[in-house]
A.B. asks: 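Sharing a structure with you now.
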There are 2 protein chains.
Amino acid sequence: MTEPRVRPTRAQQRRQTEEAILAAARQMFAEVGYDRTTIRAVAKAAGVDAGLVMHYFGTKDELFSRAAKLPAEQLPAEQLPTDTAEQMTEALLASLATRLDSEPVASLAVLRSMLTNTAAAERYRTAAEPRLNQITAAIPTPDAELRAGLLSAIVHGVIIERYLLGLARLADASPDQIIDLLRPCFQALAAAQTPPPPDQPPTDS
Amino acid sequence: MTEPRVRPTRAQQRRQTEEAILAAARQMFAEVGYDRTTIRAVAKAAGVDAGLVMHYFGTKDELFSRAAKLPAEQLPAEQLPTDTAEQMTEALLASLATRLDSEPVASLAVLRSMLTNTAAAERYRTAAEPRLNQITAAIPTPDAELRAGLLSAIVHGVIIERYLLGLARLADASPDQIIDLLRPCFQALAAAQTPPPPDQPPTDS
DNA sequence: CCCTTCATTCAACACACGTTGATTGAACAA
DNA sequence: TTGTTCAATCAACGTGTGTTGAATGAAGGG
């Protein structure tokens with residue numbers, strides 16, 4: 001039983017090193033954001049020289065760009081049903097539940113840097129857009145676009161507070177508990193039905 | 001008709017210069033965040049030398065700390081009624097409407113830097129906490145804390161997307177339109193009435 | 001075997017930053 | 001007027017950054 005490869009081929013080695021750098025970069029971008037992530041620190045975390053990072057990725061921006069790409073995990077073809085608002089809502093909640101369980105590091109990298117880095121903000125926008133359009137398509141009212149924007153803002157607000165700010169109330173709750181509370185909220189936004197006439201709902205009795 | 005003061009007194013001049021520096025700093029912190037804000041750039045925007053900024057504020061952190069303090073505008077004693085969930089909800093919506101109309105620059109400075117600067121994150125937390133407690137106090141269910149956390153996350157998600165990301169759907173809408181859409185959403189979160197019984201959510205079929 | 005390729009390292013550059021200390025000159029108190 | 005205070009400037013420091021280019025040495029192909 002010889003180890004499959006004591007000496008990996010050159011191409012293998014290269015891909016492996018590149019992946020180690022990308023993983024370290026992703027982690028660091030997600031933890032401290034674009035600006036506070038240094039090439040040198042990424043290199044050290046990946047166990048290589050800083051020059052090598054530049055040699056492979058050319059530029060810090062390019063490194064971020066590559067690191068922020070999802071490794072074909074989640075985004076691909078994850079599309080919401082647009083037939084009815086209820087279906088879409090439920091699918092959106094399910095997607096949120098998944099993300100509340102474990103959000104991919106690459107996404108966290110984008111989210112963390114979004115507010116202070118133009119490229120990250122742009123990536124966020126273009127990543128959110130198709131999803132936004134799907135949500136819009138499932139909502140039958142003229143203000144569907146705004147409603148979809150609000151739904152998206154809620155999703156990201158929750159994820160930001162849970163992962164990036166670590167606010168206890170959201171960080172400690174289970175995904176199911178959160179989406180159960182959010183369900184009527186989403187339904188109210190997605191379906192344009194006027195909710196049970198707002199006389200006073202029973203406050204506590 | 002002598003101008004009221006051709007030569008302002010020394011104390012006046014000092015306070016005036018300090019305020020100019022603070023205003024420039026606030027603006028810049030709000031626009032590009034803590035890291036990308038430069039003492040030199042703030043000084044230039046305020047029309048003074050960089051050394052003077054240090055002389056007055058000692059440290060970039062201290063400058064941020066001073067610039068991020070609200071000029072006694074909004075936060076002071078703005079407390080929500082906690083008698084009933086409906087009152088609280090309505091007050092929360094009203095407060096949101098105000099903020100959607102014009103959020104103080106100092107707040108935007110904190111929000112912009114929140115994800116990449118520990119001090120900003122801490123300030124955000126301590127600023128949000130009393131408000132969170134008020135919201136919690138108005139909700140009669142055992143999971144009131146989580147519900148309050150969600151309400152807070154929604155508020156900040158909306159503000160972030162509107163002001164800091166400038167997403168068109170939220171940036172172009174009127175405050176009233178937004179809070180009208182959010183009202184049932186908030187009511188569903190604040191009042192614990194069970195929505196129409198959730199029969200099985202269709203997983204994917 | 002030799003020569004090329006290339007993954008990797010090393011030392012250095014140029015620059016921008018936060019910060020410091022000496023210096024100037026006008027406001028102020030006597 | 002004289003001496004002190006202090007707002008403001010200026011030039012410089014040390015440091016950390018992204019980035020570069022030459023050097024090294026093992027892998028791979030003929």
A.B. asks: Taking only heavy atoms on the protein side, list every residue of residues 41-52 of chain A lying under 4.0 Å from any atom of DNA chain C, sorted numerically.
C.D. replies: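 Here the set is A:Val48, A:Asp49, A:Gly51, A:Leu52.
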A.B. asks: So which pairs with a foot in residues 158-170 of chain B pass side chain to side chain donor-acceptor pair (under 3.5 Å), sequence neighbours left out?
C.D. replies: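 Residue pairs with at least one partner in residues 158-170 of chain B: A:Tyr124-B:Glu161, A:Asn133-B:Arg169, A:Thr136-B:Arg169.
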A.B. asks: Given 3.5 Å as the limit, does a donor-acceptor pair link the side chain of A:Gln12 with the main chain of A:Thr9, or not?
C.D. replies: yes
A.B. asks: Calculate the interatomic distance between A:Arg40 atom CZ and C:dA11 atom P; express it in whole Å.
C.D. replies: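 Those two atoms, CZ and P, are 13 Å apart.
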A.B. asks: What residues, two or more places apart in sequence or in another chain, satisfy side chain to side chain donor-acceptor pair (under 3.5 Å) together with B:Glu31?
C.D. replies: B:Gln27
A.B. asks: Can any side-chain N or O of A:Gln134 pair as donor or acceptor with the backbone N or O of A:Leu80 at less than 3.5 Å?
C.D. replies: yes
A.B. asks: Going by the rule side-chain contact (heavy atoms from CB on, under 4.5 Å), which residues pair with A:Met28 if we only count those two or more places apart in sequence or in a different chain?
C.D. replies: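 Result, side-chain contact (heavy atoms from CB on, under 4.5 Å) vs A:Met28: A:Val32, A:Thr37, A:Ala41, A:Val42.
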A.B. asks: Enumerate the residue pairs fulfilling salt bridge (charged side-chain N to carboxylate O under 4.0 Å, His left out) with a member in residues 176-185 of chain B, sequence neighbours excluded, ordered by first and then second residue.
C.D. replies: B:Glu90-B:Arg183, B:Asp180-B:Arg183
A.B. asks: Can I get a per-line list of side-chain donor-acceptor pairs under 3.5 Å for residues 13-24 of chain A, giving both atom names and the distance, sequence neighbours left out?
C.D. replies:
from    : atom 1 : to      : atom 2 : distance (Å)
A:Arg14 : NE     : A:Glu18 : OE2    : 3.1
A:Arg14 : NH2    : A:Glu18 : OE2    : 3.2
A:Thr17 : OG1    : A:Gln13 : O      : 2.9
A:Glu18 : OE1    : A:Arg66 : NH2    : 3.1
A:Glu19 : OE2    : A:Arg26 : NH2    : 3.1

A.B. asks: Look only at the side chain of A:Thr89 and the backbone of A:Ala85, and say whether a donor-acceptor pair between them is shorter than 3.5 Å.
C.D. replies: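 Checked: pair present.
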A.B. asks: If a pair satisfies salt bridge (charged side-chain N to carboxylate O under 4.0 Å, His left out) and one of its residues is in residues 111-123 of chain A, list it, with sequence neighbours excluded.
C.D. replies: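 Residue pairs with at least one partner in residues 111-123 of chain A: A:Glu122-A:Arg125.
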A.B. asks: To the nearest Å, give me how far apart CD (B:Glu18) and P (D:dA7) are.
C.D. replies: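 The distance from CD of B:Glu18 to P of D:dA7 comes to 9 Å, rounded to the nearest Å.
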A.B. asks: Kindly state which residues belonging to residues 28-39 of chain B come within less than 4.0 angstrom of DNA chain D, counting heavy atoms of the residue only, listed by number.
C.D. replies: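 Heavy-atom cutoff 4.0 Å gives no residues at all.
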A.B. asks: Given atom CZ of B:Arg10 and atom P of C:dG25, what is their separation to the nearest angstrom?
C.D. replies: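 Going from B:Arg10 (CZ) to C:dG25 (P), I get 15 Å.
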A.B. asks: Would you please confirm or rule out a distance under 4.0 Å between OP1 or OP2 of D:dC6 and any side-chain N or O of B:Gln13?
C.D. replies: no
A.B. asks: When rounded to the nearest 0.5 angstrom, what distance separates CZ in B:Phe29 from CG in B:Leu111?
C.D. replies: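 If I round to the nearest 0.5 Å, the distance is 14.5 Å.
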A.B. asks: Measure the distance from NE2 on A:His55 to P on D:dT24 and round it to the nearest whole Å.
C.D. replies: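 Value for this atom pair: 17 Å.
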A.B. asks: According to the side chain to side chain donor-acceptor pair (under 3.5 Å) rule, which pairs have a member within residues 40-61 of chain A, sequence neighbours left out?
C.D. replies: A:Tyr34-A:Asp61
A.B. asks: Mind checking what makes side chain to side chain donor-acceptor pair (under 3.5 Å) contact with A:Asp143, not counting sequence neighbours?
C.D. replies: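 Result, side chain to side chain donor-acceptor pair (under 3.5 Å) vs A:Asp143: A:Thr141, A:Arg147.
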A.B. asks: Think B:Thr9 has a side-chain N or O under 4.0 angstrom from the OP1 or OP2 of C:dC28?
C.D. replies: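 For C:dC28, OP1/OP2 do have a side-chain N/O of B:Thr9 under 4.0 Å.
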A.B. asks: Can you measure B:Gln12 atom CD to C:dA26 atom C1' for me and round it to whole angstrom units?
C.D. replies: 16 Å
A.B. asks: I'd like to know if the side chain of A:Ser102 reaches the main chain of A:Thr98, judged simply by a donor and an acceptor atom lying under 3.5 Å from each other, with no hydrogens or angles considered.
C.D. replies: no
A.B. asks: Between B:Tyr56 (OH) and C:dT20 (P), how many Å, whole number?
C.D. replies: 17 Å
A.B. asks: Let me confirm one number: the OG-CZ distance from A:Ser113 to A:Phe64, rounded to the nearest 0.5 Å.
C.D. replies: 4.0 Å
A.B. asks: Looking at residues 58-66 of chain A, who's got a heavy atom less than 4.0 Å off DNA chain D?
C.D. replies: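 Only A:Thr59, A:Lys60 qualify.
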A.B. asks: With a non-hydrogen cut-off below 4.0 angstrom, is A:Arg14 in contact with a base, only sugar-phosphate, or nothing?
C.D. replies: sugar-phosphate
A.B. asks: What does the 5'-to-3' dot-bracket notation of DNA chain C look like when only Watson-Crick and G-U wobble pairs under 3.5 Å count, and pairs to other strands show as |?
C.D. replies: .|.|||||||||||||||||||||||||||
A.B. asks: What is the distance, rounded to the nearest whole Å, between atom CE of B:Met54 and atom C1' of D:dA8?
C.D. replies: 15 Å
